[in-house]
Amino acid sequence: LLYEMKLLLPKLRVAGFDISKHGLADAKDEVRDTLFIHSAQDPYPYEDNEFDLVISLGCFHNLRIFELKTALAEVERVGKKAYVMLESYRNELEQFNLQCWALTCESFFDLEEWCWIYEHFGYTGDYEFIYFE
């Protein structure tokens, strides 16, 4: 995603991190020097409101509930706007499919639970869920 955004907007400043070397191994040369190893639940090495937009795609389900609080607070802190996409479920079949797919998942929450978490932890950004039908 960072690479595609950079292609569309060459002057765009992008930065990103992943918890694993494997996650960064195939990064495109155009953005590789802006990426680093970091845990989403640890304080981000950025100033308040440093970014116009912070995006997290399919990451936060790997965090435990108390780690989610910190990660969401950091997204709020460093970004003027935010977008989080996560896996969720609306019924037992989707829950089963999610549990089979997301082997590293620590947070299995349904749609209403995720919305409660966002509100309870003060997350005000946009969000979306994907489901495994």
For Asn49 and Lys80 the tightest heavy-atom approach is O-CE, 3.4 Å
Mind listing the closest non-hydrogen atom pair of Leu111 and Tyr131 along with its distance?
CD1-OH, 3.6 Å
Does atom CD (Glu4) have a neighbourhood of more than 12 heavy atoms from anything else shown, all under 6.0 Å?
yes
Would you find more than 12 non-hydrogen atoms of other residues, nucleotides or ligands less than 6.0 Å from Asp26 atom CG?
no
Using 30° and 60° as the class limits, which term best fits the ring planes of [X] and [Y]: parallel, tilted or perpendicular?
X: Tyr118; Y: Tyr123; value: tilted
X: Phe17; Y: Phe36; value: tilted
X: Phe109; Y: Trp114; value: perpendicular

Does a side-chain heavy-atom distance below 4.5 Å link Tyr44 with Glu50?
no
Evaluate side-chain contact (heavy atoms from CB on, under 4.5 Å) for Leu98 paired with Phe108, printing each intermediate quantity in order.
CA-CA 8 Å; Leu98 175 58; Phe108 288 101; 3.8 Å; yes
Any sub-3.5 Å donor-acceptor pair from Glu76's side-chain atoms to Thr124's backbone N or O?
yes
Quick check against the 3.5 Å criterion: does His38 have a side-chain atom that pairs as donor or acceptor with the backbone of Gly16?
no
Within one Ile-Leu-Val-Met-Phe-Trp-Tyr cluster: Val14 and Met85, side-chain cutoff 4.5 Å
yes
If hydrophobic clusters are built by linking Ile, Leu, Val, Met, Phe, Trp and Tyr wherever their side-chain heavy atoms come under 4.5 Å apart, do Leu35 and Met5 end up in the same one?
yes
